[in-house]
Amino acid sequence: MTIESTSGARAMTPFASALREAIDARSMTLARLHQRLTDRGNAVSMATLSYWRSGDRRPEGAQSLAAVADIEDLLGLDPGALTERLGPTLRTGPLGPTAFPFDQLSLEQRVRDTFVAMGATYPDPTRELSIHAVSDVGADRKILRRTTRLVVQGTSGVISEIPFVEITEETPATSPVFVALGGGRIAKTHTDPSRTVHGFLFALDRPITTPESAIIEWAAEYPADYPEGDGSGHGISLQCRELLLWARFHPEAIPTWIEEVEETPSGEVVTPRDLAGAVSIHAVRRSFGPGALSLRWGWDDRSP
């Protein structure tokens with residue numbers, strides 16, 4: 001992850017410019033505006049009004065937005081004359097706790113080492129808001145390709161690159177080939193010496209400033225000598241809005257059993273699943289994480 005400094009002079013925002021012009025046009029001092037807001041029961045501080053007028057801060061939250069509506073009225077402006085110039089919120093929203101999605105310290109260290117080797121910070125200052133991950137299983141029962149489409153949001157600073165990893169747990173393997181399908185390019189790759197963690201750095205088409213978001217898509221294409229797959233999943237260190245897994249099987253490689261596995265700090269929950277005559281299956285979670293969701297399958301006599 002590359003994070004660029006956001007320090008330095010702040011340009012005047014449309015909201016701040018409109019507020020300053022309205023105050024100047026009516027020859028009203030901030031002290032007088034503050035007093036009239038207080039008389040209406042809207043106790044916004046003088047310092048806050050000054051920050052709003054200079055553009056150093058902007059109104060956020062219900063109480064501040066109510067104060068802006070009162071300011072519009074006190075300055076004789078049309079309703080929405082100031083609020084419509086606020087633009088999108090600068091808040092990321094509640095992030096919740098951060099945690100490595102798997103309960104394995106050695107695995108977390110390998111992931112950390114992979115991030116560092118690619119020049120990224122750990123943990124990286126982004127969160128995945130929406131994840132759609134599709135795995136295609138071939139006739140030879142191996143995963144051929146995994147396509148992932150994400151909506152990612154910055155949580156700190158300006159972000160131009162985002163690190164990701166593919167994990168094969170304790171099975172050493174050749175790295176998949178990572179292909180950018182949209183939203184940027186693959187800037188760098190790295191495989192941990194254990195050959196169980198394979199990382200890549202996704203460079204965005206353009207940097208995003210927190211709390212902006214971006215949509216990106218990539219595919220992991222697996223080599224012929226890649227181990228036969230027994231499942232596919234996705235782990236996240238912060239809560240997401242939606243996580244969707246979709247596994248699609250070749251008609252000649254329909255598993256005899258499938259199970260859904262949810263791993264969170266509270267423990268592991270395993271739920272048997274059934275294709276019921278279909279050739280694909282999906283699992284979905286909303287407001288999920290930190291944790292991991294997986295679909296596992298096999299071709300033996302085991303009863304799920």
Side-chain angles (χ1 to χ4, degrees), residues 1 95-115 120 122-137 143 145-153 155 162-173 175-176 178 192 194-200 202 216-220 222 226-227 229-248 255 257-273 280-298 304:
M1 177 73 64
L95 296 176
T98 301
F100 186 68
F102 305 101
D103 187 19
Q104 297 182 43
L105 292 178
S106 62
L107 178 57
E108 182 175 9
Q109 185 60 52
R110 279 174 268 157
V111 171
R112 184 193 303 269
D113 292 345
T114 301
F115 275 36
Y122 181 89
D124 74 285
T126 63
R127 68 169 170 179
E128 300 169 16
L129 296 178
S130 177
I131 306 110
H132 289 189
V134 182
S135 300
D136 289 300
V137 179
I143 297 179
R145 180 181 174 99
R146 187 171 187 263
T147 304
T148 304
R149 178 178 296 168
L150 296 173
V151 177
V152 292
Q153 180 187 39
T155 61
I162 306 175
F164 296 98
V165 293
E166 286 267 327
I167 298 171
T168 57
E169 297 187 6
E170 301 305 319
T171 305
S175 174
F178 299 111
D192 182 77
S194 67
R195 297 174 62 229
T196 60
V197 177
H198 311 284
F200 64 97
F202 195 101
I216 61 176
E217 186 175 16
W218 78 84
Y222 299 94
Y226 205 77
D230 62 352
S232 182
H234 194 95
I236 50 175
S237 58
L238 285 168
Q239 187 181 90
C240 69
R241 293 176 184 169
E242 180 183 70
L243 170 55
L244 169 67
L245 304 180
W246 188 18
R248 305 185 297 202
W257 59 268
I258 300 178
E259 60 189 15
E260 184 177 300
V261 184
E262 179 182 295
E263 299 174 73
T264 67
S266 301
E268 181 179 280
V269 177
V270 180
T271 305
R273 296 291 304 273
S280 71
I281 195 166
H282 75 277
V284 64
R285 293 291 188 279
R286 294 181 176 84
S287 300
F288 176 76
L293 181 65
S294 303
L295 288 169
R296 296 196 299 223
W297 54 77

Scanning both residues in full, the closest heavy-atom pair of R146 with Y222 reads CB-OH, 3.6 Å

Answer with yes or no whether the side chains of E217 and H132 bring together a donor and an acceptor at under 3.5 Å. no

Measure across E128 and V152 and return the closest heavy-atom pair with its distance rounded to 0.1 Å. CG-CG1, 4.2 Å

What I'd like to find out is whether the side chain of Y226 reaches to under 4.5 Å of the side chain of I143, using heavy atoms alone. no

So, for S237 and P290, which heavy atoms are closest and what is the spacing to 0.1 Å? O-CB, 3.3 Å

Euclidean distance, R296 CZ relative to S232 OG, rounded to 0.5 Å: 12.0 Å

Locate the shortest heavy-atom distance separating A173 from H198; write the atom from each residue and the value. O-CE1, 3.0 Å

Grab the two heavy atoms, one from E263 and one from F288, that are nearest each other, plus how far apart they are. O-CZ, 4.3 Å

CD1-CG distance between I131 and L245, expressed to the nearest 0.5 angstrom: 9.0 Å

For a quick test of reading the model, state the closest non-hydrogen atom pair linking S194 to T196 and the distance between them. OG-OG1, 2.7 Å

In Å and rounded to the nearest 0.5 Å, what is the OG1 to CG distance from T155 to L238? 7.0 Å

Point-to-point distance, once rounded to the nearest 0.5 Å, from CD1 of I236 to CG of L243: 6.0 Å

Compare all side-chain heavy atoms of R127 with those of Q239 and state whether any distance is below 4.5 angstrom. no

Are W218 and F164 packed together at the side-chain level, in the sense that at least one heavy-atom pair is separated by less than 4.5 angstrom? yes

If you measure from CG on D136 to CZ on R145, what distance do you get to the nearest 0.5 Å? 8.0 Å

Residue among D113, V111, T114 satisfying side-chain contact (heavy atoms from CB on, under 4.5 Å) with Y122: V111

I want to check something: taking the side chain as every heavy atom from C-beta on, are I281 and W297 in contact at a cut-off of under 4.5 Å? no

Does any part of the side chain of R241, heavy atoms only, come nearer than 4.5 Å to the side chain of S130, both counted from C-beta? no

Just wondering, are more than 12 heavy atoms of other shown residues or ligands nearer than 6.0 Å to CZ in R149? no

List the steps, then state whether side chain to side chain contact (heavy atoms under 4.5 Å, CB included) holds for R285 with H234. CA-CA 11 Å; R285 293 291 188 279; H234 194 95; over 6 Å; no

Enter the distance from T271:OG1 to E262:CD here, rounded to the nearest 0.5 Å. 7.5 Å

